[in-house]
S.K.: 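Quick one: the structure is below, questions incoming.
Within every chain, numbering begins at 1; the chains are lettered A, B, ... in the order of the sequence lines, protein sequences first and strands thereafter.
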Number of protein chains: 2
Amino acid sequence: MKDKRKIPKPVIKRMGLYYRCLNKLYEEGIEYVASKDIAARLGIKSSQVRKDLSYFGEFGKRGVGYNVDQLMKKLEDIIGVNKIWNVIVIGAGNIGTAIVNYPGLKKEKFNIIGVFDADRSKVGKKLGKLSVTHFSELEKFFNKNIVDLVVLAVPENAAQMVVEELEKYNIKGIINFAPIKLRTKIPVEDVDITLSFKSLVFRIEREIK
Amino acid sequence: MKDKRKIPKPVIKRMGLYYRCLNKLYEEGIEYVASKDIAARLGIKSSQVRKDLSYFGEFGKRGVGYNVDQLMKKLEDIIGVNKIWNVIVIGAGNIGTAIVNYPGLKKEKFNIIGVFDADRSKVGKKLGKLSVTHFSELEKFFNKNIVDLVVLAVPENAAQMVVEELEKYNIKGIINFAPIKLRTKIPVEDVDITLSFKSLVFRIEREIK
DNA sequence: TAATTATTGTGAGTAAGTTCACAATTGAAT
DNA sequence: ATTCAATTGTGAACTTACTCACAATAATTA
Ligand SMILES: NC(=O)c1ccc[n+]([C@@H]2O[C@H](COP(=O)([O-])OP(=O)(O)OC[C@H]3O[C@@H](n4cnc5c(N)ncnc54)[C@H](O)[C@@H]3O)[C@@H](O)[C@H]2O)c1
Ligand SMILES: NC(=O)c1ccc[n+]([C@@H]2O[C@H](COP(=O)([O-])OP(=O)(O)OC[C@H]3O[C@@H](n4cnc5c(N)ncnc54)[C@H](O)[C@@H]3O)[C@@H](O)[C@H]2O)c1
């Protein structure tokens with residue numbers, strides 16, 4: 001590994017894929033895996049896998065491959081899922097509910113500790129072990145809890161306002177489902193579902209790939 | 001526009017963003033827009049906007065900008081949302097429900113015409129105007145309806161099996177929410193929500209961007 | 001009509017990302 | 001001990017994508 005090289009952005013997404021793949025291999029009881037096999041499972045090239053990993057160190061053994069358990073733990077450190085992240089969800093609608101109910105997140109160390117909504121009729125509603133709290137209680141909640149990440153699942157027209165409220169607190173990042181570019185200093189990751197629909201039909205219409 | 005140039009893949013995603021942006025401008029009653037303004041709203045460079053559009057034609061007027069209404073219609077044609085796409089959802093769980101209830105999809109010409117689930121206890125459940133149909137009725141449904149796209153919102157372990165069933169019919173594409181690489185000839189667009197969480201914490205840990 | 005300002009469309013230059021190809025290493029087989 | 005097969009890690013070549021910079025054009029103003 002030549003140090004200080006900066007990491008191409010697409011590598012970031014692929015690290016998450018590798019991590020999930022390694023988890024599956026681990027569950028399947030596989031002890032050693034070659035870059036070729038990881039690549040085949042993900043539909044990419046083996047040289048890509050090796051090059052990507054090489055940005056962070058030398059984890060394999062020539063002629064043998066990678067120790068699944070070991071590499072998995074390395075990836076945990078690299079990605080940052082080696083510790084628990086406390087998450088709150090704002091907006092207890094369709095998406096908010098789906099996120100709170102999804103066990104896959106807890107499995108990957110994202111621990112949802114609160115759900116907020118501005119609609120009083122939703123307050124108190126049970127979602128798994130959590131119950132919906134009114135948005136106005138947010139400050140009180142931040143005073144009592146450490147929150148790392150916020151999932152923003154409110155309508156488009158409320159999103160910017162909520163972000164401005166969030167800037168008062170010391171959160172580390174936002175997962176944003178609203179189809180809008182948020183103006184904020186906080187790191188944001190957009191999840192844009194309708195964009196995926198449009199990409200798909202574009203590809204279909206032009207017979208790309 | 002120099003023809004036959006092939007279109008960089010990132011352009012595809014941005015076309016969807018431009019389309020949504022133009023829709024907003026239209027609703028705001030704005031008649032002409034400069035690449036600079038579109039770029040500012042999306043947080044990218046104006047030269048990127050112009051270059052992207054140039055792959056498909058010359059839509060602007062020098063010194064003036066782009067006619068919002070006109071460009072919007074051009075984008076509809078380019079992306080393929082100039083006609084209605086018939087969509088069915090398989091899996092009436094959290095994500096399936098969110099998709100069916102989301103009005104934003106219909107607005108962009110994705111018309112959901114059916115929801116299927118393998119769980120008999122969910123059959124008959126109302127989601128908006130639709131009610132959940134048992135998965136075994138799929139063939140009957142395909143015989144009576146034209147289906148363009150399928151949203152796959154079933155658990156990971158069921159996803160590949162469902163895809164193999166879908167290959168019997170003549171669908172054009174799949175939006176896949178299951179965290180797994182589907183083996184199929186049908187064009188697939190993956191929506192990977194936990195990957196977004198991992199990308200976000202990676203960026204936070206390394207203070208990227 | 002000429003000057004001024006705004007803005008597009010794009011070739012050329014730069015940057016980012018992927019793939020190739022092979023020396024280095026490992027373990028197994030003979 | 002030597003050969004053989006498998007597989008990594010990586011510099012270099014290649015491919016893809018982005019940005020710059022400016023001629024061309026349009027509208028406005030003097
Ligand atoms: N449902 C989908 O499939 C889907 C797809 C793509 C994008 N989205 C986007 O995701 C976001 C959420 O979608 P949804 O379907 O869950 O919507 P939803 O209407 O079901 O839920 C939104 C929730 O946010 C709450 N809310 C509104 N203003 C608030 C505020 N200021 N503070 C706190 N809570 C507030 C509402 O009371 C509601 O419960 C929207 O921006 C939507 O555009 C949804
Ligand atoms: N909920 C989330 O926030 C979230 C986040 C990331 C990924 N996902 C993924 O999205 C997919 C759906 O998640 P969900 O939360 O909606 O799950 P869910 O369990 O709420 O819903 C899945 C539904 O699929 C149905 N189903 C199971 N096998 C089926 C089959 N063979 N045919 C038809 N229907 C079948 C189940 O009866 C259930 O109703 C999963 O693959 C999950 O990993 C969900």
Side-chain angles (χ1 to χ4, degrees), chain A residues 1-18 22 25 30-68 70-71 74-75 78 199 202-203 206 208-209, chain B residues 1-18 22 25 30-68 70-71 74-75 78 199 202-203 206 208-209:
Chain A
M1 178 191 51
K2 199 156 72 185
D3 224 294
K4 273 184 254 174
R5 264 186 305 185
K6 95 171 190 330
I7 289 132
K9 283 193 213 92
V11 174
I12 301 174
K13 288 257 150 172
R14 286 194 298 267
M15 294 313 281
L17 288 175
Y18 300 152
L22 268 283
L25 289 162
I30 293 166
E31 209 172 336
Y32 276 89
V33 66
S35 58
K36 187 160 60 64
D37 303 325
I38 298 174
R41 283 176 180 239
L42 301 176
I44 62 179
K45 298 237 156 121
S46 67
S47 57
Q48 180 87 82
V49 174
R50 295 198 302 280
K51 175 68 93 179
D52 286 352
L53 294 174
S54 81
Y55 289 108
F56 304 98
E58 301 190 11
F59 308 121
K61 214 188 260 184
R62 288 163 195 236
V64 181
Y66 302 88
N67 178 289
V68 170
Q70 242 174 324
L71 182 56
K74 288 283 182 192
L75 289 177
I78 291 165
S199 294
F202 181 103
R203 281 170 49 202
R206 309 203 157 234
I208 289 174
K209 211 190 190 172
Chain B
M1 178 188 57
K2 200 156 74 188
D3 223 294
K4 273 185 255 176
R5 266 186 302 185
K6 93 173 192 326
I7 289 133
K9 283 193 214 91
V11 174
I12 302 174
K13 287 259 150 168
R14 286 195 297 268
M15 294 313 282
L17 289 175
Y18 300 153
L22 268 284
L25 289 163
I30 292 166
E31 209 171 338
Y32 275 89
V33 67
S35 58
K36 186 161 58 67
D37 302 325
I38 297 174
R41 284 178 178 237
L42 301 175
I44 61 179
K45 298 236 157 122
S46 67
S47 57
Q48 181 86 81
V49 175
R50 294 198 302 278
K51 175 68 91 178
D52 287 352
L53 293 174
S54 81
Y55 288 108
F56 303 98
E58 302 191 10
F59 307 122
K61 215 189 257 184
R62 288 162 195 236
V64 180
Y66 302 87
N67 178 287
V68 170
Q70 241 174 321
L71 182 56
K74 286 285 181 191
L75 289 176
I78 292 165
S199 293
F202 182 103
R203 281 171 47 203
R206 309 205 156 234
I208 288 174
K209 208 186 188 181

S.K.: Search all heavy atoms of Leu22(B) against all heavy atoms of Val68(B) and return the closest pair with its distance.
M.R.: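 Looking at all heavy atoms of both residues, the shortest contact is CD1-O, 3.4 Å.
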
S.K.: Figure out the NZ/C1' separation between Lys61(A) and dA24(C), and round it to whole Å.
M.R.: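 Roughly 15 Å, once rounded to whole Å.
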
S.K.: Is it the case that Ser54(A) and Arg50(A) place a side-chain donor and acceptor less than 3.5 Å from each other?
M.R.: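 The answer is no; no qualifying pair exists.
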
S.K.: What residues from residues 30-40 of chain A pass a heavy-atom cutoff of under 4.0 Å to DNA chain D?
M.R.: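 DNA chain D contact set from residues 30-40 of chain A: Ala34(A), Ser35(A), Lys36(A).
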
S.K.: Let me confirm one number: the CD1-CD1 distance from Ile78(B) to Ile7(B), rounded to the nearest 0.5 Å.
M.R.: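 Interatomic distance, Ile78(B) CD1 to Ile7(B) CD1, rounded to 0.5 Å: 9.0 Å.
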
S.K.: In this structure, how many angstroms lie between the P atom of dT18(C) and the NZ atom of Lys9(A), rounded?
M.R.: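 In whole Å, dT18(C) P lies 12 Å from Lys9(A) NZ.
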
S.K.: Please name the pair of heavy atoms, one in Tyr32(A) and one in Lys61(A), separated by the smallest distance, quoted to 0.1 Å.
M.R.: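 Scanning both residues completely, I find the closest heavy atoms to be OH-NZ, 4.1 Å.
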
S.K.: Please tabulate, one pair per line, each protein N/O and nucleotide N/O from nucleotides 18-20 of chain D that are separated by under 3.5 Å, including the distance.
M.R.:
from    : atom 1 : to       : atom 2 : distance (Å)
dC18(D) : OP1    : Arg14(B) : NH1    : 3.1
dC18(D) : OP2    : Arg14(B) : NH2    : 2.8
dT19(D) : OP2    : Gln48(B) : OE1    : 3.3

S.K.: Glu58(B) side chain: which of dT10(C), dA27(D), dA23(D) is closest?
M.R.: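 Of the options given, the side chain of Glu58(B) lies nearest dT10(C).
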
S.K.: Within this structure, what is the CZ-to-P distance between Phe59(B) and dT10(C), rounded to whole angstrom?
M.R.: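 Those two atoms, CZ and P, are 11 Å apart.
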
S.K.: Identify the two heavy atoms, one from Arg14(B) and one from Ile44(B), that lie closest to each other, and give their separation to 0.1 Å.
M.R.: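 Closest heavy-atom pair between Arg14(B) and Ile44(B): CD-CD1, 4.1 Å.
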
S.K.: For residues Lys13(B) and Ser199(A), report the shortest heavy-atom separation together with the two atoms involved.
M.R.: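 Taking every non-hydrogen atom into account, CE-OG, 3.2 Å.
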
S.K.: Whole angstrom is fine here: how far is it from CD1 in Ile44(A) over to C1' in dT19(C)?
M.R.: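 Whole-Å distance recorded here is 12 Å.
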
S.K.: Output the distance between atom CG (Leu75(A)) and atom CZ (Phe202(B)), rounded to the nearest 0.5 Å.
M.R.: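 Reported value, rounded in 0.5 Å steps: 10.5 Å.
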
S.K.: List, with names and distances, any nitrogen or oxygen atoms from the protein found under 3.5 Å away from nitrogen or oxygen atoms belonging to nucleotides 1-5 of chain D.
M.R.:
none

S.K.: So, for Met15(A) and Leu53(A), which heavy atoms are closest and what is the spacing to 0.1 Å?
M.R.: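 That would be CE-CD2, 4.1 Å.
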
S.K.: Tell me whether the OP1 or OP2 atom of dT26(C) has a side-chain N or O from Tyr66(A) closer than 4.0 Å.
M.R.: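 So the side chain of Tyr66(A) is outside the cut-off, no N or O lying under 4.0 Å from OP1 or OP2 of dT26(C).
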
S.K.: Just verifying a value: how many Å separate Lys9(A) NZ and Arg203(B) CZ, rounded to the nearest 0.5 Å?
M.R.: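 So the NZ of Lys9(A) and the CZ of Arg203(B) are separated by 9.5 Å.
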
S.K.: Over how many whole Å does the gap from Ile12(A) atom CD1 to dT18(C) atom P extend?
M.R.: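 Going from CD1 in Ile12(A) over to P in dT18(C) covers 12 Å.
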
S.K.: Counting only distance, no hydrogens or angles, is the base of dT8(C) paired donor-acceptor with the side chain of Arg62(B) under 3.5 Å?
M.R.: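 Such a pair exists between side chain and base.
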
S.K.: If you round to the nearest 0.5 Å, how far is CG of Asp37(A) from CG of Leu42(A)?
M.R.: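 The CG atom of Leu42(A) sits 11.0 Å away from the CG atom of Asp37(A).
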
S.K.: Could you give the distance from OH (Tyr18(B)) to CZ (Phe59(B)), rounded to the nearest 0.5 Å?
M.R.: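 So the OH of Tyr18(B) and the CZ of Phe59(B) are separated by 12.5 Å.
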
S.K.: Whole angstrom is fine here: how far is it from CD1 in Ile7(A) over to P in dT18(C)?
M.R.: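 These atoms are roughly 13 Å apart.
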
